[in-house]
Peer 1: 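Here it is, the structure, as structure tokens.
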Amino acid sequence: MRRIIIDAEKCDGCKNCSLACMQAHRKDTGTLYDLNLLDPDNESRNFIYKNRTGGYTPIFCRHCEQPECVMSCMSGALTKDPESGHVCYDEKKCGSCFMCVMNCPYGVLKPDDRTGMHIIKCDFCKDAGGEPSCVKACPKDAIYVEEV
């Protein structure tokens, strides 16, 4: 199974990964230069936080071996793909109970700022094929894909 691995020691907080995620999932087809960062439709599925020591902490869905978000999802919107091992989200099935948000041990899942009815979650750029956009965009190799 392939997962995004984080080496927080290498992260300098540039947020290239977040911008690449926003660009990959945007609704229109513009370039990165005309990406509206304030538009809730362009929300990133990964987050970079400044920690107490002044360093940066990248937060990505870990596609856990036994994902608590999937186990707590009563509507069946979150499932684990048996082939890839990735946690998949079906927005159409979501009941907006946000049990998944409350049960994610890493604090990765969050309500969609656009509607407040769905969640924002890394989908491993499933429609892009190959390597996720965030990984390709990291100049420091702080995030990378590894077979685990």
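Count residues from 1 along the sequence. Below, all heavy atoms of this structure are taken into account, side chains as well, without hydrogens, waters or symmetry copies.
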Peer 1: Please give me the minimum heavy-atom distance between Cys64 and Pro67, naming the atom from each residue.
Peer 2: O-CD, 3.3 Å
Peer 1: Please list all pairs meeting ring-ring contact (aromatic ring centres under 6.0 Å, His included) that have one or both residues in residues 30-62, counting only residues at least two apart or in different chains.
Peer 2: none
Peer 1: Heavy atoms, side chains only, cut-off 4.5 Å: are Ile119 and Tyr89 in contact?
Peer 2: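 They are in contact (side-chain heavy atoms under 4.5 Å apart), so the answer is yes.
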Peer 1: Answer yes or no: is there a donor N or O on one side and an acceptor on the other, between the side chain of Gln23 and the main chain of Gly30, under 3.5 Å?
Peer 2: yes
Peer 1: Going by side-chain hydrogen bond (donor to acceptor under 3.5 Å, both in side chains), name the residues that satisfy it together with Glu68, two or more places apart in sequence or in a different chain.
Peer 2: none
Peer 1: Kindly work out whether a path of hydrophobic side-chain contacts (I/L/V/M/F/W/Y, heavy atoms less than 4.5 Å apart) joins Tyr144 to Ile4.
Peer 2: no
Peer 1: Ring pair (Phe, Tyr, Trp, His ring centres under 6.0 Å) with His86: which residues, sequence neighbours excluded?
Peer 2: His63, Phe124
Peer 1: Listed by chain and number, what are the side-chain contact (heavy atoms from CB on, under 4.5 Å) partners of Glu65, not counting sequence neighbours?
Peer 2: Met1, Arg3, Lys80
Peer 1: Would you tabulate the side-chain donor-acceptor contacts of residues 90-105 under 3.5 Å, counting partners in other chains and residues two or more places apart, or write 'none'?
Peer 2:
unit_1: Asp90; atom_1: OD1; unit_2: Lys92; atom_2: N; d: 3.1
unit_1: Ser96; atom_1: OG; unit_2: Met117; atom_2: O; d: 2.4
unit_1: Asn103; atom_1: ND2; unit_2: Ser72; atom_2: OG; d: 3.4
unit_1: Asn103; atom_1: ND2; unit_2: Met99; atom_2: O; d: 2.8

Peer 1: Please tabulate, for side-chain N and O atoms in residues 8-18, each donor-acceptor pair with protein atoms closer than 3.5 Å (sequence neighbours left out).
Peer 2:
unit_1: Asp12; atom_1: OD1; unit_2: Cys14; atom_2: N; d: 3.2
unit_1: Ser18; atom_1: OG; unit_2: Asn46; atom_2: OD1; d: 2.8

Peer 1: So, using salt bridge (Lys or Arg N to Asp or Glu O under 4.0 Å) as the criterion, who are the partners of Asp39 when residues are at least two apart?
Peer 2: none
Peer 1: Rounded to the nearest 0.5 Å, what's the gap from SG on Cys61 to CG on Asp123? Could you check?
Peer 2: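 Answer rounded to 0.5 Å: 9.5 Å.
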Peer 1: Just grab all the salt bridge (Lys or Arg N to Asp or Glu O under 4.0 Å) pairs involving residues 43-56, residues at least two apart or on different chains.
Peer 2: Glu43-Lys110
Peer 1: With Asp141, which residues qualify under salt bridge (Lys or Arg N to Asp or Glu O under 4.0 Å), at least two apart?
Peer 2: none
Peer 1: Quick one: do Arg26 and Asp34 make a salt bridge, cutoff under 4.0 Å?
Peer 2: yes
Peer 1: Using the test side-chain hydrogen bond (donor to acceptor under 3.5 Å, both in side chains), find all partners of Thr57 that sit at least two apart in sequence or belong to another chain.
Peer 2: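 Only Asn51 meet the side-chain hydrogen bond (donor to acceptor under 3.5 Å, both in side chains) criterion with Thr57.
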Peer 1: For Leu32, what are the other residues in its hydrophobic cluster, where any two members join if their side-chain heavy atoms are less than 4.5 angstrom apart?
Peer 2: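 Under the 4.5 Å side-chain rule, Leu32 groups with Leu19, Met22, Leu35, Leu37.
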Peer 1: Would you please name every residue forming a side-chain hydrogen bond (donor to acceptor under 3.5 Å, both in side chains) with Arg2, sequence neighbours left out?
Peer 2: none
Peer 1: Could you report the tightest heavy-atom contact between Cys21 and Ser44, atom names first, then the distance?
Peer 2: CB-OG, 3.8 Å
Peer 1: For residues Ala137 and Pro139, report the shortest heavy-atom separation together with the two atoms involved.
Peer 2: O-CD, 3.1 Å
Peer 1: Over all heavy atoms of both residues, which pair between Asp81 and Cys88 is shortest? Give the atoms and the distance, please.
Peer 2: CB-SG, 3.9 Å
Peer 1: Taking all atoms of both residues into account, what is the closest heavy-atom pair of Tyr106 and Ile59, and its distance?
Peer 2: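 Taking Tyr106 first and Ile59 second, the nearest heavy atoms are O-CG2, 4.1 Å.
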Peer 1: Mark yes when over 12 heavy atoms from residues, nucleotides or ligands other than Glu147 sit less than 6.0 Å from its CD; otherwise mark no.
Peer 2: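 Yes, because the 6.0 Å sphere around CD of Glu147 holds more than 12 heavy atoms from other groups.
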Peer 1: If the test is side chain to side chain contact (heavy atoms under 4.5 Å, CB included), which one of Asp112, Asp113, Val108 qualifies with Ile120?
Peer 2: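 Testing each of Asp112, Asp113, Val108 against Ile120, the sole residue satisfying side chain to side chain contact (heavy atoms under 4.5 Å, CB included) is Asp112.
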